[in-house]
Amino acid sequence: MNLSSKYEPKNSEAKIYAQWEKADIFTPKGNGQPFSIVIPPPNITGSLHMGHALNNTCQDVLVRSARMQGRKVVWIPGTDHAGIATQNVVEKMLKKQGKSRHDLGRAEFVKEVWRWQKEYEGKILGQLKKLGCSLDWSRLVFTLDENYERAVLHAFEHYYQKGLIYQGERVINWCARCASSLSDLEVENKEQSGKLYFIKYPLQSQISNLKSQSLSRAKLKDDNLKFKIYNFITVATTRPETMLGDTAVAVNPKDKRYAKLIGAQVILPLTNRKIPIVADGAVDDKFGTGAVKVTPAHSFVDFEISVRHNLAKIKIIDERGRINDRAPEKYQGMKAREAREAVILDLEQAGFLEKVEDYDMVLPLCSRCERVVEPLLSSQWFLKMAELKKPAIEAIKAGKIKFTPKRYEKICLNWLEKSYDWCISRQLWWGHRLPVWQTKVNSKNEKVKIFIGLEKPQGEGWTQSEDVLDTWFSSALWSFATLGWTGERTAETADLREFHPTSVLSTGRDIIFLWVGRMIFSSLEFLGEIPFEKVYIHPTVLNEKGQRMSKSLGTGIDPLVLIDRYGADAVRFGLMYQNTGVQDLKFSESAIVASQKFCNKVWNIARFIGINLETSNSKNQILNRFQKPNPRTQSDKEILVKLAKVKLQVAKDLEKFEFGKVAHLLYDFIWHNLADTYLENSKKQMQDKKLKANTEEILIYLLVESLKMLHPFIPFITEEIWSKLYEEKLVSQPMIADRLIMK
RNA sequence: GCGCGCAUAGCUCAGUGGCAGAGCGUCUGCUUGACGUGCAGAAGGUUGGAGGUCCGAUUCCUCCUGCGCGCACCA
């Protein structure tokens, strides 16, 4: 065995990856027990970051280990069209060229996104290869592939026929910049200092035992009249502009202060509309004044209140975030923020503004563009959750799906238990268009007839809905749509039978609700089985300052730069070495440096053993005698016992996704037990003619066994050494690895 | 507000109911049969604070503090 004095990752990695592909080792082989993972599809918005590198290394470790154990393994690659996120990055790109998507029109814009898709999918897949991921490229999936799209549309149709999908006018999260609805999960809440405005709403009716003078209607009709208010109820709000759409004031039924006012009417300043005071348990009597203005069209809670009390819903902010014609003319066309100032000024001048307090509040922001989310009444499509989530909850509770770390099980469960209907329609151009066709019954009749189907219905005048589906609607089908499920009865594929439920899902904790939970109920609904047996939640990769790695903040590190500098093995091992099961992983490059040194150590151990082997008379005999050698000395005995222990522990820890423990264990064993101790002892032993041959045999045995344990973590360098040991054979080739398992 | 995680060397973090560990950094020596990306060694710690269980706690329990994360209808 001739190993160069120095291992150069750059010279080996691409060559070795090509060898693997040529040997076709990434496709499922043999008749072993199936083991399957589907990759969490990276968004095609950009290139991969350290979180992806970590997650995909974890999966590759599992997949390679399973393959070496002789299991029939598939790891399915794919990418996600990532509707809103991708549309946004392409829009940003266009903006730099001075264009908007409206300049292009829908068809052209979508073409533009497809060009982006081609480019970034290529980049992402290239990165995965550089990292050494042993994905089955013959099974590559994209969420907008024809078959995948069929699966998505069938899923929609299925839910609709079952009565689980409905169209409804409800308050939803609206992003005026993205010009689309958002699900609750796409909204990020951020604390911000703001103001709490106290506004006086004058009482209209006489209350018998209130002495104060009530205001006449005539007076209030005169906008310019400055009058003194003797009798009013004060509400507190952070969003005064929405008062233009108020249709009630609510108080807690138990609040004695307002008990006598319940049922009374107030005059809504600036609009002079008459609105009632209602009693509702949702009102916290300890907050503000204990009286809440109710704006059903622009607040989730207020909407609920309005349903309970049968209140009108006046939408005064439109989809562009501007005041519409339901509000007094003066404010029409203003942005909500401008309207706030105008409203406050007018209220103050008219004497309705009682006071303004500083107030720390939680602002809802669009998770994609950070614009403040405007809740508004909108006609959207929803998926009923009540029935769907039940089997998912049961499956988790019954322990059919096991989370690691265990605590995330409860988190997922809690979300499922309290999740309510999912807004699945988005006003975007990039994504799966709803299979909803509409036609007006006749030219005069405004009634709309709806047809749900994959094909355009017969007859004149049918148009397809402009909306697309929430990107997570399609991701929810990922575990089985990647294995060939299209929703058609005949589409039960061999892959589906063999590899579903998948063995493990490895992902980050930020998408437990968005994705993991939804995959569970989707799989149970469509296949009647769980999507995966185990869920591994890896830590979030932070930079050394503890900040989230983010491209826009410039706090990220590009894995490709590290691979280029230290080699893929060092990056992989460094990540695994730091992956010790904690919530966050403060990424430190020094771990990669240490791993590079570790790889160097492995290389030199192999060189030392190789050099001795070359001078040995019994080289071939040793290499092909796949038996555990017998110890002759105390040192022999110790290292062999230690090896056996380590092998056992590695297997146990991998089963529990203890990647960090395994990396530490391997590091310590290889460096301290094997190199520092045994190799040094072997030098003396080999001077003894009686011990020489046996010691050589033990050295080879140790090397072979170490390479096998290390291979899932550092596949390139171990493969390089292996190929020198066993000429053209691959350690990663299951049959060969199988044959080489020494008893 | 509710829930969860973390706290160990200068930094990043392992680990353990019984003498406190690694990597990086610092210092001293060293071409030893592969490795200077190395070897031998050194300095560096009240294991966040208080209490409890125990013969013994850094480890288990309770509380506190600090940092981080998630959820929530604070208008």
Side-chain angles (χ1 to χ4, degrees), chain A residues 3 5-7 171 184-185 188-189 196-199 235-240 242-243 246 249-250 280-295 298-305 359-362 375 405-408 410-412 414-415 418-419 509-510 512-513 539-540 542-548 566-567 570 574 577-612 615 658 660-661 663-665 667-668 671-672 674-676 679-680 682-684 686-687 699 703:
Chain A
L3 295 182
S5 61
K6 207 172 169 188
Y7 173 68
V171 173
D184 306 327
L185 296 174
E188 273 172 16
N189 293 308
L196 192 59
Y197 302 88
F198 291 76
I199 306 170
V235 298
T237 179
T238 56
R239 300 169 64 213
T242 62
M243 60 89 62
D246 282 3
V249 169
D280 196 284
V283 179
D284 177 1
D285 57 2
K286 288 175 196 71
F287 185 88
T289 61
V292 188
K293 57 189 277 313
V294 180
T295 322
H298 298 286
S299 155
F300 291 94
V301 189
D302 295 6
F303 180 85
E304 298 295 323
I305 294 175
Y359 179 65
D360 290 333
M361 57 185 190
V362 181
K406 179 102 172 131
R407 59 178 179 273
Y408 293 114
K410 215 166 117 192
I411 290 175
C412 186
N414 285 348
W415 175 75
K418 71 184 167 204
S419 63
R509 67 176 184 276
D510 51 337
I512 291 177
F513 311 145
T540 302
L542 306 176
N543 69 10
E544 261 171 328
K545 287 175 192 160
Q547 299 165 311
R548 190 162 279 237
Y566 303 106
Y577 195 83
Q578 292 180 83
N579 180 5
T580 53
V582 284
Q583 155 182 289
D584 296 323
L585 187 162
K586 268 191 215 169
F587 178 78
S588 109
E589 201 167 319
S590 69
I592 309 289
V593 174
S595 300
Q596 187 193 24
K597 292 182 178 179
F598 177 64
C599 290
N600 181 62
K601 195 74 183 175
V602 171
W603 184 256
N604 281 298
I605 289 167
R607 275 184 73 206
F608 173 77
I609 295 174
I611 288 165
N612 283 296
T615 61
E658 298 272 15
K661 267 189 189 159
H664 280 88
L665 194 60
Y667 184 97
D668 291 338
W671 204 302
H672 302 303
L674 180 53
D676 289 351
L679 251 57
E680 291 309 319
S682 78
K683 290 170 186 173
K684 282 167 233 149
M686 284 187 291
Q687 284 170 351
L699 283 171
L703 176 62

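To find a chain, count down the sequence lines: A is the first, B the second, and so on, and within it residues start at 1.
Separation of atoms CG (A:Leu679) and CD1 (A:Ile605) is listed at 6.0 Å; rounding is to 0.5 Å. Separating the OH atom in A:Tyr7 from the CZ atom in A:Arg607 is a distance of 14.5 Å, to the nearest 0.5 Å.
Between A:Leu542 and A:Phe587 there is no side-chain heavy-atom pair separated by less than 4.5 Å. Inter-residue side-chain proximity for A:Thr238 and A:Tyr197 is flagged as unmet; no heavy-atom pair is nearer than 4.5 Å.
Qualifying side chain to side chain contact (heavy atoms under 4.5 Å, CB included) partners for A:Val171, counting only residues two or more places apart in sequence or in other chains: A:Phe300, A:Phe303, A:Pro375, A:Leu377. For A:Val362, the side chain to side chain contact (heavy atoms under 4.5 Å, CB included) partners are A:Asn189, A:Glu191, not counting sequence neighbours. With sequence neighbours excluded, the residues that form a side chain to side chain donor-acceptor pair (under 3.5 Å) with A:Ser299 are A:Asp302. Here A:Leu185 pairs with A:Ser183, A:Trp415, A:Phe513, A:Leu514, A:Arg518 under the side chain to side chain contact (heavy atoms under 4.5 Å, CB included) rule; sequence neighbours left out. Under the side chain to side chain contact (heavy atoms under 4.5 Å, CB included) criterion, A:Asp668 pairs with A:His672, not counting sequence neighbours. Contacts of A:Asp184 classified as side chain to side chain donor-acceptor pair (under 3.5 Å), with partners at least two apart in sequence or in another chain: A:Asn173.
The backbone N or O of A:Gln596 lies less than 3.5 Å from no partner atom in the side chain of A:Asn600, so there is not a single donor-acceptor pair. Proximity of a side-chain donor or acceptor of A:Gln578 to a complementary backbone N or O of A:Ser588 within less than 3.5 Å is detected.
A gap of 15 Å separates the C1' atoms of B:U59 and B:G48, to the nearest Å. Rounded to a whole angstrom, the distance from the C1' atom of B:G21 to that of B:U16 is 10 Å. Going from the P atom of B:G15 to that of B:C60 covers 11 Å, rounded to whole Å. Comparing B:C6 with B:U62, their P atoms are spaced 13 Å from each other, to the whole Å.
A straight line from CD of A:Gln687 to C1' of B:G33 spans 8 Å, rounded to a whole angstrom. Here B:G25 presents its C1' atom at 15 Å from CD of A:Glu589, a figure rounded to the nearest Å. Between A:Glu658 atom CD and B:A14 atom P the separation is 11 Å, expressed in whole Å. A:Met686 places its CE atom 17 Å from the P atom of B:U32, with the value rounded to the nearest Å.
Using a 3.5 Å distance cut-off with no hydrogens or angles, the side chains of A:Thr242 and A:Lys293 do pair a donor with an acceptor.
Mapping A:Tyr667 and A:Gly660 onto RNA chain B via the closest heavy atom, the residue that lands nearer the 5' end is A:Gly660.
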Check the interface with nucleotides 3-13 of chain B: list each N/O to N/O pair with the protein under 3.5 Å, or write none.
residue, atom, partner, partner atom, Å
B:C13, OP1, A:Lys586, N, 3.3

What's touching nucleotides 34-38 of chain B from the protein side, N or O pairs under 3.5 Å?
residue, atom, partner, partner atom, Å
B:A34, O2', A:Asn604, OD1, 2.5
B:A34, O2', A:Arg607, NH1, 3.2
B:A34, N7, A:Lys683, NZ, 3.4
B:A34, N6, A:Glu680, OE2, 2.8
B:A34, N3, A:Asn604, O, 3.2
B:C35, O4', A:Asn604, OD1, 2.9
B:C35, O4', A:Asn604, ND2, 3.2
B:C35, O2', A:Asn600, ND2, 2.9
B:C35, O2', A:Asn604, ND2, 3.4
B:C35, O2, A:Lys601, NZ, 2.8
B:C35, N3, A:Lys601, NZ, 3.0
B:U37, O2', A:Asn600, ND2, 2.6
B:U37, O4, A:Lys6, NZ, 3.1
B:G38, O3', A:Lys601, NZ, 3.2

All N/O contacts under 3.5 Å from nucleotides 72-75 of chain B to the protein, with atom names and distances to one decimal?
residue, atom, partner, partner atom, Å
B:A75, OP2, A:Tyr359, OH, 2.5
B:A75, O5', A:Thr238, OG1, 3.3
B:A75, N6, A:Asp284, O, 2.5
B:A75, N6, A:Phe287, O, 3.1
B:A75, N1, A:Asp284, N, 3.0

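Remark: RNA chain B takes part in the stems B:1-7 with B:65-71, B:10-13 with B:21-24, B:26-30 with B:38-42, B:48-52 with B:60-64, each of 3 or more antiparallel Watson-Crick or G-U pairs, criterion distances under 3.5 Å.
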Task: Sugar-phosphate or base contact per nucleotide [nucleotides 58-64 of chain B; S, B, -; heavy atom under 4.0 Å] - done: -------

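Ring geometry for A:Tyr359 versus A:Phe287: interplanar angle over 60°, hence perpendicular rather than tilted (30 to 60°).
Within the structure, salt bridge (Lys or Arg N to Asp or Glu O under 4.0 Å) contacts touching residues 578-605 of chain A (residues at least two apart or in different chains) are A:Arg509-A:Asp584, A:Arg565-A:Glu589.
Scanning both residues, A:Ala570 and A:Ser595, for their nearest heavy atoms gives O-CB, 3.3 Å.
Within the nucleic acid shown, A:Phe513 comes within 4.0 Å of sugar-phosphate atoms alone, with no base atom in reach, counting heavy atoms only.
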